[in-house]
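In listed order, ligands and their atoms are each counted from 1.
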Amino acid sequence: MSHALIVIDVQNDFCPGGALAVPGGDEVVPLINNMMPEFDAVILTQDWHPAGHGSFASSHAGAAPYDLAQMPYGQQVLWPDHCVQGSAGADFHPDLRVDADLIIRKGFRPQIDSYSAFFENDRTTPTGLDGYLRSRGISQLTLVGLATDFCVAFSAMDAARLRFETRVTLAACRAIDLNGSLDQALSDMKSAGIGLI
Ligand code: VGL
Ligand code: ZN
C-alpha cells in the first residue's frame with residue numbers, strides 16, 4: 001500500500017505579498033519540506049489560470065473580488081487575478097522543495113475554475129490525478145498546503161469520494177476563511193471520514 005503526499009498550491013500568490021495572500025501561507029513551507037521524505041510519492045498541484053480567467057472578478061463587469069457569480073456549473077466566488085500562467089505569482093514558493101514525482105496543473109480552462117486536484121468545479125471534468133494514483137498503486141493520501149478551506153478541502157473531499165484513505169495535516173495548511181468557510185470545510189471533511197491531524 002503506497003502513501004502519497006499531495007501538496008496543494010504552495011505558490012507565491014497565496015503567500016504574504018501575493019495577489020490572493022493566505023495569512024501565514026509561507027509558514028507551511030518548512031513543515032511540508034520536512035514531511036516529503038516520509039512518503040512513497042510526492043505530488044504538487046499548481047493553480048494555473050490563463051489571463052482573463054472566468055474566476056477573476058476583473059472578468060465580470062461591475063464585480064468586485066469575493067463577490068459571488070452564477071456560472072453554468074453553479075455558484076463561484078470571484079477572486080482577485082492570481083496564479084496567471086507564467087507569472088511570478090504562479091511560481092512555487094522559492095523555498096518549497098520541487099523535486100516531486102508529478103506536478104498537476106489545474107484551472108487552465110478559461111471558463112471553469114478548479115479548486116480540487118481531482119475534478120474541476122463542475123465536479124465532473126477530471127484532472128487525471130485519480131488515474132495516475134491508481135496506476136501507481138497509491139491508496140493512501142495525506143494533503144497539505146493552501147488554502148485549507150478551498151483547494152485543500154475540495155481535493156480531500158474528492159479523494160474521500162474516490163475511496164482513497166484520506167488525511168489532512170492541518171498544521172501544514174493555512175485558510176482564507178471567507179464568511180465561515182473554514183468551519184464549514186472542517187465539518188464537511190470530518191463528516192466525510194477524512195482524518196484531520
Ligand atoms: C485557491 C481560490 C482560488 C486555493 C485557488 O488554492 O485554495 N483558492 N484559487
Ligand atoms: Zn485559482
Any carboxylate oxygen within less than 4.0 angstrom of a Lys/Arg side-chain nitrogen, looking at Arg174 and Asp26? no
Given Met35, which of Thr142, Val28, Val7 fulfils the side chain to side chain contact (heavy atoms under 4.5 Å, CB included) condition? Thr142
Which atom pair, heavy atoms only, marks the closest approach of Leu146 to Asp9? O-CB, 3.4 Å
Crowded around Gln111 CD? As in, over 12 foreign heavy atoms under 6.0 Å? no
Whether Arg134 engages the ring of Phe164 as a cation-pi pair (distance to the six-membered ring centre under 6.0 angstrom, angle to the ring normal within 45°) should be assessed. yes
Are there any N/O pairs under 3.5 Å between ligand 1 and the protein, and if so, what are their distances?
from     : atom 1 : to     : atom 2 : distance (Å)
ligand 1 : 6 (O)  : Asp9   : OD2    : 2.7
ligand 1 : 6 (O)  : Leu146 : O      : 3.3
ligand 1 : 7 (O)  : Ala147 : N      : 3.1
ligand 1 : 7 (O)  : Cys151 : N      : 3.1
ligand 1 : 9 (N)  : Asp47  : OD2    : 3.1
ligand 1 : 9 (N)  : His82  : NE2    : 3.1

Minimum-distance pair of heavy atoms, taken over all atoms of Ser116 and Lys106: O-CD, 3.5 Å
Would you name the heavy atoms of Ala117 and Ser155 that are closest together and state the gap between them? N-OG, 2.9 Å
Considering all heavy atoms, the nearest Ala156-Val168 contact: CB-CG2, 3.8 Å
So the protein N/O/S atoms within less than 2.8 Å of the Zn ion (ligand 2) come down to Asp47 OD2, His49 NE2, His82 NE2
Think Arg161 forms a cation-pi with Phe119, using NZ or CZ under 6.0 Å from the six-ring centre and within 45 degrees of its axis? yes
